[in-house]
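In what follows, every heavy atom counts, from backbone to side chain, and hydrogens, waters and symmetry copies are set aside.
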There are 2 protein chains.
Amino acid sequence: MMELQRQQTPEPRLRNGAFNGQFQPLPAPAPGKLLERCRESQALIERHLPFTRRVLHAGNPVQSARTPFSTLHLVHFGAVKTLVAAADGSSHVAGFHLKGDWVGFDGMISGECACDAYAMDTSEIWSLRYALVLQAAAQVPGLLHALHVAMSGQMAREREWRMALATLPADARLADFLRCWAHWLMQRELRADHVTLRLTRAEIGNYLGMTLETVSRSFSRLALLGLVAFDSKGRRNFAIPDVQALVAFVDARGDS
Amino acid sequence: MMELQRQQTPEPRLRNGAFNGQFQPLPAPAPGKLLERCRESQALIERHLPFTRRVLHAGNPVQSARTPFSTLHLVHFGAVKTLVAAADGSSHVAGFHLKGDWVGFDGMISGECACDAYAMDTSEIWSLRYALVLQAAAQVPGLLHALHVAMSGQMAREREWRMALATLPADARLADFLRCWAHWLMQRELRADHVTLRLTRAEIGNYLGMTLETVSRSFSRLALLGLVAFDSKGRRNFAIPDVQALVAFVDARGDS
DNA sequence: CGATGTGTTGACCGGGTTCAAACAATGTGG
DNA sequence: CCACATTGTTTGAACCCGGTCAACACATCG
């Protein structure tokens, strides 16, 4: 299992921020309202709620499916992926949760967690008991609103992906996926060169509704177009030289 | 504090080429339970919140995109569809909201409504000001939880549809769609014969990520298999003789 | 009546799946 | 250290589902 290898550099931020500036500096670091809002709500939580901090490493579980729902998890930094198990033993990628995202909303409807969640990278997770959140919400309305905004955002993203699957051909779909990650990196005030996707082609394809072969082929085509630049380090390491070009490619639905 | 030891249970990996797992159609739909919960939360609202009742007819707007977000809408009975406008003027079906569903969550993230919503049929809509909901939530925690459950449910449905688009072929996709409506009818304690879909083939296809021609063809194939029985009244009126057979068809991903 | 919107069906073609082979990266045990 | 297995990635070739274009049926409505 490749995730289980030990991190030599415990702080992924430094690795990603490595500077060898042959790529153009990104158009606008876009510190963004999102990051600001994320900070605000985390400050609210820190002030008004008891929670536990956990530092997890790639592959460690955040929550397990079929356990009773009681706590919500906030990704303070790092990345988490959620999987739903199918009857035949295979599992499907349900979603990705990055810095500022919450994990565990899906348990509220049925009373038990609907999916397994794993850290994809060294991550810090804040876990809050839902009952205490409700309790604190009575005193701090801003906290409640922050929670709702997070839920609303997750809903909107889910819907956008559904529409992307319904409308975009394979290449544009992968490009859109990469655009999301680039976006996230830029929100963290990092650069979009040296992206390291800790995902197999099969997992990407599973999420995007295509086979691993098609993912591989689409990657090759995007590289041919110069939209991604593979690193010599391996096929999971690459740079995104021009995020705007990627956006344009998605908007054109891959007609280029 | 830092949990440096490795996790004993490695995360399950996807099999090679695995996107052949099936997504689960809601374990034990619990026909009565949802309706019960729906009734409960509506009782809570009726008792603790001021709201406006509107009876709308097919085509009437519930909310408009780009207007400031201030109110949430609860479908007391009837059906609502939401549309998002694309840059080129075309619009995409964002979702359907039936009895007990809420409309308007998507406005919380950006502060303005993200989509247009129209009644698909004669419907009663309860509209609540979000600020008042927050206010009342401080006194009535059950109300807040009901809201969260509704949001969680919508998120889960959105995700399930995304997975359906990613995994199911056209016929099974349409079957799954019909299964949802049949389900809803049964929740309302009605029968699943004489379904009347107030949707064009193009709208269905738009939602399901396929062309109207494919929708038509899939309908014909389902009718040939006896999974739906068209009424003489027109091609939008039909019966679903055996919902279980429909479920089985979806689970088999259309291999029948 | 023609006009318009909607639904159905056929023929054709292309993007993506499937099957298959080979390669690369990594780990394991002798 | 190498031989070997394992897992992940790439690429090729053939097939097929679903998109595209087109013609036609059927309804409602002016």
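- If you take CZ of A:Phe219 and P of D:dT9, they are 9 Å apart, rounded to a whole angstrom.
- Separating the CG atom of A:Asn206 from the C1' atom of C:dT17 is a distance of 15 Å, rounded to the nearest angstrom.
- For A:Ser127, the side chain to side chain donor-acceptor pair (under 3.5 Å) criterion is met by A:Arg54, A:His73, not counting sequence neighbours.
- At whole-Å resolution of the value, CG in B:Leu197 and P in C:dT6 are 15 Å apart.
- Side-chain N/O atoms of A:Ser220 include one lying less than 4.0 angstrom from OP1 or OP2 on D:dT11.
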Enumerate all atom pairs, one protein N or O and one N or O from nucleotides 14-21 of chain D, separated by less than 3.5 Å.
from: D:dG18; atom 1: OP1; to: B:Ala170; atom 2: N; distance (Å): 2.7
from: D:dG19; atom 1: OP2; to: B:Thr211; atom 2: OG1; distance (Å): 3.3
from: D:dG19; atom 1: OP2; to: B:Thr214; atom 2: OG1; distance (Å): 2.3
from: D:dT20; atom 1: O4; to: B:Arg217; atom 2: NH2; distance (Å): 3.0
from: D:dC21; atom 1: N4; to: B:Glu213; atom 2: OE2; distance (Å): 3.2

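- Evaluation of the salt bridge (charged side-chain N to carboxylate O under 4.0 Å, His left out) rule for A:Arg217 yields no partner, not counting sequence neighbours.
- If you check D:dT11, C:dG7, D:dG8 against the side chain of B:Ser216, the one that comes closest is C:dG7.
- Residues meeting the salt bridge (charged side-chain N to carboxylate O under 4.0 Å, His left out) test with B:Lys99, sequence neighbours left out: none.
- Nucleotide C:dT8 holds its P atom 11 Å from the CZ atom of B:Phe238, rounded to whole Å.
- Regarding B:Leu224, its CG atom lies at a distance of 13 Å from the P atom of C:dT8, rounded to whole Å.
- At C:dA25, one or more side-chain N or O atoms of A:Arg235 fall inside 4.0 Å of OP1 or OP2 (strictly under the cut-off).
- The side chain to side chain donor-acceptor pair (under 3.5 Å) search around B:Thr82 returns none, not counting sequence neighbours.
- The separation between A:Arg201 atom CZ and D:dT10 atom C1' is 9 Å, rounded to whole Å.
- Residues B:Ala166 and A:Leu165 approach most closely at CB-CD1, 3.7 Å, considering heavy atoms.
- What separates CG of A:Asn237 from C1' of C:dA24 is a distance of 14 Å, to the nearest Å.
- The nearest whole Å value for the distance from the CD atom in A:Glu203 to the P atom in D:dG8 is 8 Å.
- Cation-pi check for B:Arg235 over B:Phe219 is not met; the charged atom does not lie both under 6.0 angstrom from the ring centroid and within 45 degrees of its normal.
- Partners of B:Glu213 according to the salt bridge (charged side-chain N to carboxylate O under 4.0 Å, His left out) rule, which considers only residues two or more places apart in sequence or in another chain, do not exist here.
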